[in-house]
Amino acid sequence: MTQRNFRIVTNNPWIEKGPAVPHEIILIEGTPMDTLDKTEELLQQGWKLVSAPLPPNVPIMRGPYRSLIIEENDRQYDKDGLIALHKARERYRMEREHHNLPAPGEDFGIIDRQMLQRSLRDSMLIDAEKAAGTATGGDRQ
């Protein structure tokens with residue numbers, strides 16, 4: 001099995017490269033929308049979207065941070081990822097437009113970091129399941 005090349009695109013200053021996040025980090029200054037914009041740019045330069053562009057609930061969506069996982073791709077464009085980002089951008093606009101948004105703070109940074117770590121772990125578990133299915137000749141889903 002080949003080694004996957006991930007990068008993290010984030011506006012969360014509490015995310016640092018280390019044992020829990022052993023991938024290159026692209027730190028964006030700005031809002032979650034700026035993170036989506038940078039990710040969109042990269043999805044047109046040979047990267048594909050791995051993590052979901054929207055957080056799991058509305059209160060987190062209104063938070064100040066967003067971290068996304070991208071992976072080196074064998075194609076120039078990630079059409080599915082670009083579509084997902086477009087839909088996420090529309091939902092972000094709708095949810096963030098007329099609300100008192102929370103100020104950036106460590107609590108939101110920690111929540112975002114934990115969601116990122118969970119996404120990374122889930123991605124590795126999927127790889128392990130695929131490898132196990134291939135090794136046994138089965139196709140696990």
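Since this is a predicted model, take the numbers as computed values, not measurements.
Judged purely by distance below 3.5 Å, without hydrogens or angles, the side chains of Thr31 and Arg66 never pair a donor atom with an acceptor atom.
Atoms CD1 and NE2, from Ile25 and His23 in turn, are 9.5 Å apart once rounded to the nearest 0.5 Å. From Glu90, atom CD reaches atom NZ of Lys87 across 11.5 Å, with rounding to the nearest 0.5 Å. Distance CG/Asn5 to CZ/Arg7: 6.0 Å, rounded to 0.5 Å. Note: Asn73 CG to Asp78 CG = 6.0 Å, rounded to the nearest 0.5 Å. Between the CG atom of Leu68 and the CG atom of Leu36 there is a distance of 6.0 Å, given to the nearest 0.5 Å.
For Lys38, the side chain to side chain donor-acceptor pair (under 3.5 Å) partners at least two apart in sequence or on another chain are Glu41.
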Please list every donor-acceptor pair under 3.5 Å in which a side-chain atom of residues 107-116 meets a protein atom from a residue at least two apart or in another chain.
from, atom 1, to, atom 2, distance (Å)
Asp112, OD1, Ser67, N, 3.2
Asp112, OD2, Asn12, ND2, 3.0
Asp112, OD2, Ser67, OG, 2.4
Arg113, NH1, Trp14, O, 3.2

Quick one: side chains of residues 42-55, donor-acceptor pairs under 3.5 Å with protein atoms, not counting sequence neighbours, listed by atom name and distance.
from, atom 1, to, atom 2, distance (Å)
Gln44, NE2, Glu40, O, 3.3
Ser51, OG, Ile69, N, 2.8

Where do Val9 and Ile70 land on the side chain to side chain contact (heavy atoms under 4.5 Å, CB included) test, with the steps shown first? CA-CA 7 Å; Val9 183; Ile70 59 174; 3.9 Å; yes
Going through the checks in order, is the salt bridge (charged side-chain N to carboxylate O under 4.0 Å, His left out) test met by Arg62 and Glu95? CA-CA 7 Å; Arg62 293 181 185 152; Glu95 289 299 331; 3.0 Å; yes
Between Ile26 and Ile8, does a side chain to side chain contact (heavy atoms under 4.5 Å, CB included) hold up when you go through it step by step? CA-CA 6 Å; Ile26 301 168; Ile8 310 303; over 6 Å; no
May I have the step-by-step check of side chain to side chain contact (heavy atoms under 4.5 Å, CB included) for Thr39 and Leu85, ending in yes or no? CA-CA 8 Å; Thr39 302; Leu85 284 177; 3.8 Å; yes
Using the side chain to side chain contact (heavy atoms under 4.5 Å, CB included) rule, take Ile60 and Val58 through it: C-alpha gap first, then chi angles, then the decisive distance, then the call. CA-CA 5 Å; Ile60 299 299; Val58 172; over 6 Å; no
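Between the side chain of Asn11 and the main chain of Leu27, no donor-acceptor pair closer than 3.5 Å is present.
Taking a 6.0 Å sphere around CD of Glu29, one finds it holds 12 or fewer heavy atoms contributed by other residues, nucleotides or ligands.
Counting heavy atoms from C-beta outward, Tyr65 and Pro32 have side chains that stay 4.5 Å or more apart.
Heavy atoms only, all atoms of each residue included: Ser123 and Arg4 are closest at OG-NH1, 3.2 Å.
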